[in-house]
Peer 1: 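Could you have a look at this structure, given as structure tokens, before my questions?
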Amino acid sequence: MTVTGSPLLAVRDLTVRYGAVPALRDVTFEVPPNSALAVLGPNGAGKSTLARALSGLVPAAAGSFALDGRDLTGQPPDAIRRAGLVHLPEGRGVFPTLTVLENLRMATAGDRRGRPAALERAFEIFPVLRERRRQAAGTLSGGEQQMLSLARALTADPRLVIADELSLGLAPKMVDVVFESLRRARSAGVAVVMIEQFASRALDFADHCLVLRRGSVAWAGAAGLAGPELLRRYLGEATAA
Ligand code: ATP
């Protein structure tokens, strides 16, 4: 894909292996600042592996990735997170018995001085969470729990969020809540790498699209150019919807 200006995230020839089996092969792409990239591909294509590699959860066997020109290859997850690259994994990542406010306070435990501003920022982006701040997180709807998970991540003031299947298993209305939450994150200046089962919704949301197949980049380009035929070719009927 053609990208002007310096990229926020630059991934070069990234290769990941589980034992001898390659799950990602020579994957190269860029994410410009404050943009959204949809990562699509059939089951087993390597999408989650890409997310795990970029968050330091699995090592790169070869290649590199850099955020804002700073090489993060081989860094531990904590350092990558502190550098501004946050991974929101599948599953909600909230503490169900704690209130919304307690969940957000825990996310800011490392920065007590910055906490009030970080909490205020989260509530400004997600007013629903302010209304529900005294409610146990486990009693929120699925979409709202994802919103809380995203709000927790945003308290660290990230540059880029990797949203890995946030709408998995959610009812359609809750999927709307998740997309709206990510839209708000973007408006707040955060770039998004979205791994998403709802390909057409992800493409509506994203500027760019990367299609993975068997661990390699099968197609990359502007999201608006990834039409139904391309989706059918790479993803099959079921996932193209
Ligand atoms: P899905 O859409 O089904 O979640 P995916 O595109 O996210 O798939 P990955 O989960 O990244 O794909 O898996 C890529 C390949 O790596 C698959 O062949 C998978 O079986 C393999 N794989 C994933 N995790 C491991 C692991 N921990 N050990 C060994 N192989 C793995």
Side-chain angles (χ1 to χ4, degrees), residues 1 9 11-31 36-65 72-77 80-81 85-93 142-143 145-146 149-150 153 160-172 174-175 178-179 182 191-206 208-221 223 226 228 230-241:
M1 72 192 74
L9 177 70
V11 179
R12 299 271 177 263
D13 300 319
L14 190 64
T15 297
V16 173
R17 295 196 186 91
Y18 294 112
V21 185
L24 279 186
R25 275 179 256 228
D26 298 327
V27 169
T28 295
F29 63 94
E30 293 181 348
V31 178
L37 173 75
V39 179
L40 307 177
N43 290 334
K47 304 179 298 292
S48 292
T49 299
L50 175 63
R52 280 185 231 131
L54 294 179
S55 49
L57 295 174
V58 294
S64 65
F65 61 97
L72 296 176
T73 325
Q75 295 288 317
I80 291 177
R81 179 176 274 267
L85 199 165
V86 170
H87 179 200
L88 298 175
E90 296 175 46
R92 309 226 156 102
Q145 288 187 38
Q146 293 294 39
S149 169
L150 182 58
L160 185 143
V161 163
I162 302 178
D164 191 355
E165 301 274 23
L166 290 196
S167 59
L168 196 70
L170 293 181
M174 291 301 115
V175 175
V178 167
F179 273 88
L182 288 169
V192 176
V193 171
M194 172 184 280
I195 296 170
E196 180 53 58
Q197 53 170 338
F198 296 110
S200 57
R201 295 206 58 166
L203 291 170
D204 281 347
F205 178 86
H208 297 100
C209 169
L210 187 78
V211 180
L212 292 178
R213 192 160 67 162
R214 291 195 213 104
S216 298
V217 177
W219 189 87
L230 177 121
L231 295 183
R232 263 194 297 279
R233 174 144 49 105
Y234 289 117
L235 310 181
E237 297 283 349
T239 43

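Since this is a predicted model, take the numbers as computed values, not measurements. Counting convention: from 1, in listed order, for ligands and their atoms alike. Below, all heavy atoms of this structure are taken into account, side chains as well, without hydrogens, waters or symmetry copies.
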Peer 1: With nothing but distance in play, are any N or O atoms of Gly44 less than 3.5 Å from an N or O of ligand 1?
Peer 2: yes

Peer 1: Show which atoms of ligand 1 fall inside a sub-4.0 Å distance from at least one heavy-atom site of Arg52.
Peer 2: 10 (O), 24 (N)

Peer 1: Of the non-hydrogen atoms in Leu37 and Leu210, which two are nearest, and what is the gap between them?
Peer 2: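 Scanning both residues, the minimum pair turns out to be CD1-N, 4.0 Å.
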
Peer 1: Going by the atom numbers of ligand 1, which of them fall below 4.0 Å from some non-hydrogen atom of Thr49?
Peer 2: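 Those qualifying, in numeric order: 9 (P), 11 (O), 13 (O), 14 (C).
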
Peer 1: Hey, which atoms in ligand 1 end up nearer than 4.0 Å to a heavy atom of Ala45?
Peer 2: 5 (P), 6 (O), 12 (O)

Peer 1: How long is the span from the CG atom in Asp13 to the CZ atom in Phe65, to the nearest 0.5 Å?
Peer 2: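 Between atom CG of Asp13 and atom CZ of Phe65 there are 14.0 Å.
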
Peer 1: For ligand 1, which atoms sit closer than 4.0 Å to a heavy atom of Pro42?
Peer 2: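 Matching atoms, with element in brackets: 6 (O).
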
Peer 1: Would you mind running through ligand 1 and noting each atom that sits below 4.0 Å from a heavy atom of Asn43?
Peer 2: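 So the answer, numbered in order with elements, is 1 (P), 2 (O), 3 (O), 8 (O).
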
Peer 1: Indicate the atoms forming the closest heavy-atom contact of Cys209 with Leu40, along with that distance.
Peer 2: SG-CD1, 3.9 Å

Peer 1: Under 3.5 Å between some N or O of ligand 1 and some N or O of Glu165?
Peer 2: no

Peer 1: Partners of Arg12 by side chain to side chain contact (heavy atoms under 4.5 Å, CB included), sequence neighbours excluded?
Peer 2: Ala10, Thr28, Glu30, Ser64

Peer 1: Closer than 4.0 angstrom: is that true for some heavy atom of Gly41 and an atom of ligand 1?
Peer 2: no

Peer 1: List for me each residue that meets side chain to side chain contact (heavy atoms under 4.5 Å, CB included) alongside Ala60, sequence neighbours excluded, and say none if there are none.
Peer 2: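 Leu14, Thr73.
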
Peer 1: What pair of heavy atoms forms the shortest contact from Ser167 to Glu196, and how long is it?
Peer 2: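 That would be OG-OE2, 2.5 Å.
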
